[in-house]
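One structure is given here, and the rest of the page talks about it.
The basis for the numbers below is simple: all heavy atoms, side chains too, and nothing from hydrogens, waters or symmetry mates. Below, chain A is the first sequence line, B the second, and so on; all start at residue 1.
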Amino acid sequence: MPVVSGTSSAELKPPGGKLLRCTLTIKEGVIASIRFSGDFFLIPGEKMVALEDALTRMEVEKIERVIHSFFSTAHVDMLGVAPEHFVETAKMALAKLH
Amino acid sequence: MQTWRFIDHGPRDAATNMAIDEALLMSGRPTLRLYTWSPSAVSIGYFQAIREEVNLEACKREGVEVVRRISGGGAVYHDAQGEITYSLVVPEAAVPGTVQDSCAAICSALVAGLREMGVEAVFSPLNDVVVNGKKISGSAQTRRHGVVLQHGTVLVDLDAIRMFSLLRVSAAKIADKGIAAASQRVTSLRAEVGAVDPRAVREALRKGFARVFDADLPPETLTDEEKERIPGLREKYARRQWNLQR
């Protein structure tokens, strides 16, 4: 995967689910900032920032692994989205930078 | 039969309304609260990007307040005259375990209340109550320290053009729902059964919750401890930093 830089956003609405949007800024292949937003439910809510913090300063190649690892230990109750949707939305946003 | 508190009071501004709900969540006493918003306001879900969901310029122009909730879910327009908001605070043990199951259980009380008024309401997963396929109520939930806060709107009268001039609806959401105009997917008590007395709606909702949860709901007020917490919480909800955080 070539080294990428830039800011991008993508949104996904799983059928019957909730909207999930990912906005990220990449600097030379590293996540400078990442924000997930949408009308989904995630309890406890503070875990959203914890996921974003876990992804910040990571190489883009590690996005999928970090997200799955986070949800496997985070003990969150979600409605309208699932861990794979966070991966997919982030990848969609990244793909726009290539 | 269990005894829950019923708090039914007049309109408040957006920051105060959200501060009261959070104060109720902090105290954890089982409570059904019914309230309205003055001035009219838009509330957005905790995880929503405010500029993507709300037409901030239109809200400012129209004197409509905007506040971020502590619950997830979507953006809601709370018209000062045309909607009633409910909030329910209960221990987690009082409702089914998952967010989805507990949301369905609490919404069944709304359904019961609306049926009191002759409205053929049904729960529509994930978090809506609909009449003939049109949304009349949406709910949002959060939890803290073993206590559930679910709050939501019941549309009494609807100015869909105004509502959707204040809210932005994403293209992805419209595509999934399959209808171009979001305004075609909402309805109100007035549209379903004609003009209604807001007091009758509040009484019907109270009855719905009482029946579904086998609860006695005597009218009560906020405790002194809750009242003391409200100014500090209100300050948070009035801050730009809170409302613009995402």
Side-chain angles (χ1 to χ4, degrees), chain A residues 7-25 31-56 67 70-71 74-93 95-96, chain B residues 22 25 43-54 68-76 92 95-104 107 124-128 138-150 152 167-178 242 244-246:
Chain A
T7 296
S8 172
S9 186
E11 59 184 42
L12 171 76
K13 188 176 184 306
K18 294 293 184 183
L19 181 83
L20 179 63
R21 182 186 299 104
C22 178
T23 302
L24 46 72
T25 297
I31 299 169
S33 69
I34 185 163
R35 275 275 182 276
F36 291 101
S37 60
D39 60 352
F40 54 89
F41 295 87
L42 186 151
I43 295 171
E46 299 77 34
K47 294 283 184 179
M48 188 74 266
V49 172
L51 172 62
E52 292 163 348
D53 286 349
L55 287 163
T56 304
I67 291 175
F70 178 85
F71 282 114
H75 303 295
V76 296
D77 190 356
M78 286 194 286
L79 182 59
V81 288
E84 58 266 29
H85 300 131
F86 286 84
V87 174
E88 191 178 344
T89 317
K91 284 185 170 179
M92 286 164 62
K96 292 183 180 178
Chain B
E22 188 167 351
L25 174 64
S43 74
I44 61 166
Y46 182 64
F47 306 106
Q48 290 193 293
I50 192 166
R51 290 184 180 82
E52 302 281 350
E53 308 297 339
V54 185
R68 182 179 299 275
R69 303 189 302 268
I70 47 169
S71 56
V76 180
E92 282 183 325
V95 290
T98 64
V99 177
Q100 178 65 99
D101 291 347
S102 57
C103 185
C107 285
S124 174
L126 303 170
N127 56 326
D128 293 339
S139 291
Q141 187 185 117
T142 192
R143 296 175 181 214
R144 200 183 280 170
H145 306 309
V147 180
V148 175
L149 163 66
Q150 181 163 315
L167 304 180
R168 301 186 198 278
V169 182
S170 84
K173 192 157 188 170
I174 290 170
D176 180 58
K177 299 279 184 178
W242 168 263
L244 303 181
Q245 65 178 275
R246 213 167 269 272

* To do: With a 4.5 Å heavy-atom cut-off (strictly below), which parts of residues 79-90 of chain A touch chain B? List them by number.
  => A/L79, A/G80
* A/T7 and A/T25 side chains, donor-acceptor separation under 3.5 Å -> yes
* Got a sec, which residues hit side-chain hydrogen bond (donor to acceptor under 3.5 Å, both in side chains) with B/R51, two or more places apart in sequence or on another chain? -> none
* To do: Go through the side-chain N and O atoms of A/R35 and A/T23 and say whether any donor and acceptor fall under 3.5 Å apart.
  => no
* For B/P96 against B/D101, the heavy-atom pair lying closest together -> CB-CB, 3.5 Å
* **Minimum heavy-atom distance B/R246-B/R68, with the two atoms named** => O-NH2, 3.0 Å
* Using only heavy-atom distances, determine whether the side chains of B/Q141 and B/S102 contain a donor-acceptor pair under 3.5 Å. => yes
* Structure fact -> Honestly, the part of A/I43 sitting under 4.5 Å from a heavy atom of chain B is side chain
* Contact origin within B/A140 toward chain A - heavy atom pairs under 4.5 Å -> both
* Indicate yes or no for a side-chain donor-acceptor contact from B/S139 to the backbone of B/G152 under 3.5 Å, with no hydrogens or angles considered. => no
